[in-house]
Amino acid sequence: LELAGWTVDYHCLDPENGFALDPVAVAAKLSQGFDLLFFCNPGNPTGRLYSRAEIQGVYDACAEAGCFLALDEAFMDFCEEHSAMKLLPAAGDWLILRSMTKFFGFPGIRLGYSIAPERVTARVKRLLPPWSVGTLAQAAGLAALADTGHSRLTLDYVSAERARLTVRLGALPGLKLFPGTANYLLLRLENGSSAASLQERLLPQLILIRDCSNFIGLDDSYFRIAIRTVAENDRLLAALNTAL
């Protein structure tokens, strides 16, 4: 957006109330005169899931302000029933962005899609390069969609392991855990240390956490972890317990 000459601003949510969304505050922000709002649900890196009613409130605020809504649902596969794809009006100014590489676990393929009213997709198509999705990505996408058993197992596993990690991480000293709904969790160091220094202490054990200090609205005490295998998660828990 900046390369295209746009001015970019941010509407930061408050970590002290769990990054809760206030549609009134969003409407007040949009009333300042914005053309386009990007909103991520579930939030990244927060993992916060916003209800369909909250998303409806965001869309209504955008419609009132004459602002286009780009809704990033890259991690919505982990909680599909909350998607806004059947919520937003067919004639509205909106676009939903979806990624297939998060849930299905093949990030190198770079495959995603969008959902929007027909007049919006017609405009987007005029801007796309030729052959935007290669043969390999198409084959991987079709295979992933056909493997319903893998999808079911993924949902069950991530849900159970995320719940276990939430309990175990919540018991560690000097950490604040933010509940999440995707395949990652956001944490904050409460002992005055930085995520960068913790990352440095864990690297010799071949454990890499995501330093979240470069996310607008977060400081150097925040980091994100992934929901991985039970063995890998147990290694992380043991390493964090020692480091803290």
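We use all heavy atoms of the structure for the numbers below, so side chains are in, but hydrogens, waters and symmetry mates are not.
- Judged by distance alone, the side chain of Asp147 and the main-chain N or O of Ala143 form no donor-acceptor pair under 3.5 Å.
- Geometrically, Lys176 engages Phe178 in a cation-pi contact, judged by NZ or CZ lying under 6.0 Å from the ring centre and within 45° of the ring axis.
- Contact between Cys62 and Leu69 at its shortest, heavy atoms only, is SG-CB, 4.0 Å.
- Side-chain contact between Phe223 and Pro45 is absent, with no heavy-atom pair separated by less than 4.5 Å.
- With no hydrogens or angles considered, a side-chain donor-acceptor pair links Ser197 and Ser194 at under 3.5 Å.
- No more than 12 heavy atoms of other residues, nucleotides or ligands lie within 6.0 Å of CD in Glu118, so this atom counts as exposed by the packing criterion.
- Inspection of the Thr135 and Gln138 side chains reveals no N or O donor paired with an N or O acceptor under 3.5 Å.
- Using a 4.5 Å heavy-atom threshold, the side chains of Arg168 and Asn233 count as separate.
- A salt bridge links Arg164 with Glu161: the distance from a Lys NZ or Arg NE/NH1/NH2 to an Asp or Glu carboxylate oxygen falls below 4.0 Å.
- Between the side chain of Arg228 and the backbone N or O of Leu236, no donor-acceptor pair lies under 3.5 Å.
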Practice item. Kindly determine whether Ile207 and Leu240 satisfy side chain to side chain contact (heavy atoms under 4.5 Å, CB included), including the steps that lead there. Key: CA-CA 10 Å; Ile207 295 173; Leu240 284 174; over 6 Å; no

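- Environment of CZ in Arg201: crowded, with over 12 heavy atoms of neighbouring residues, nucleotides or ligands closer than 6.0 Å.
- Between His82 and Ser51, every side-chain heavy-atom pair lies at or beyond the 4.5 Å cut-off.
- Under a 3.5 Å cut-off, the side chain of Arg119 and the backbone N or O of Gly92 do form a donor-acceptor pair.
- Looking at Ser193, its side chain never comes within 3.5 Å of a backbone N or O of Leu189 through a donor-acceptor pair.
- Between the Thr166 side chain and the Arg162 main chain, a donor and an acceptor come within less than 3.5 Å of each other.
- A distance-only check finds no donor-acceptor pair linking the side chain of Trp6 to the backbone of Asp35 [under 3.5 Å].
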**Study point:** Leu1/Phe38 under side chain to side chain contact (heavy atoms under 4.5 Å, CB included): CA gap, chis, key distance, verdict
**Key:** CA-CA 11 Å; Leu1 288 171; Phe38 282 95; 3.7 Å; yes

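- Asn44 and Arg48 share no side-chain donor-acceptor pair at under 3.5 Å.
- For the pair Glu64 and Asp60, the minimum side-chain heavy-atom distance is 4.5 Å or more.
- Heavy-atom contacts from other residues, nucleotides or ligands closer than 6.0 Å to CD of Gln205 number more than 12.
- Residues Tyr113 and Ser99 fail the side-chain proximity criterion, which asks for heavy atoms closer than 4.5 Å.
- Salt bridge present: Glu190 and Arg188 bring a charged side-chain N and a carboxylate O closer than 4.0 Å.
- Although no hydrogens or angles enter the test, the distance criterion places a donor-acceptor pair under 3.5 Å between the side chain of Arg52 and the main chain of Ser83.
- By the 4.5 Å heavy-atom criterion applied to side chains, Ile225 and Leu186 are not counted as neighbours.
- Phe103 and Phe78 have their aromatic ring centers within a separation under 6.0 angstrom.
- When all heavy atoms are compared, the tightest approach of Thr101 to Leu111 is CG2-N, 3.3 Å.
- Ion pairing between Lys29 and Asp22 fails under the 4.0 Å rule for side-chain N and carboxylate O.
- The shortest side-chain heavy-atom distance between Phe19 and Asp14 does not fall under the 4.5 Å cut-off.
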Review point. Please walk me through it: do His11 and Val26 pass side chain to side chain contact (heavy atoms under 4.5 Å, CB included)?
Key: CA-CA 8 Å; His11 180 68; Val26 172; 3.9 Å; yes

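- Remark: side-chain polar atoms of Glu2 are not paired, donor with acceptor, to backbone N or O of Thr7 under 3.5 angstrom.
- Side-chain contact check for Thr154 versus Asp77: every heavy-atom pair is 4.5 Å or farther apart.
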Exercise for review: Show your working on side chain to side chain contact (heavy atoms under 4.5 Å, CB included) between Leu21 and Phe39 and close with a plain yes or no.
Suggested key: CA-CA 11 Å; Leu21 180 65; Phe39 190 86; 3.9 Å; yes

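- Distance alone, capped at 3.5 Å, is enough to place a donor-acceptor pair between the Gln199 side chain and the Ile209 backbone.
- Salt bridge Arg98/Glu80: present, at least one basic N to carboxylate O contact under 4.0 Å.
- Distance alone, capped at 3.5 Å, places no donor-acceptor pair between the Asp220 side chain and the Ser213 backbone.
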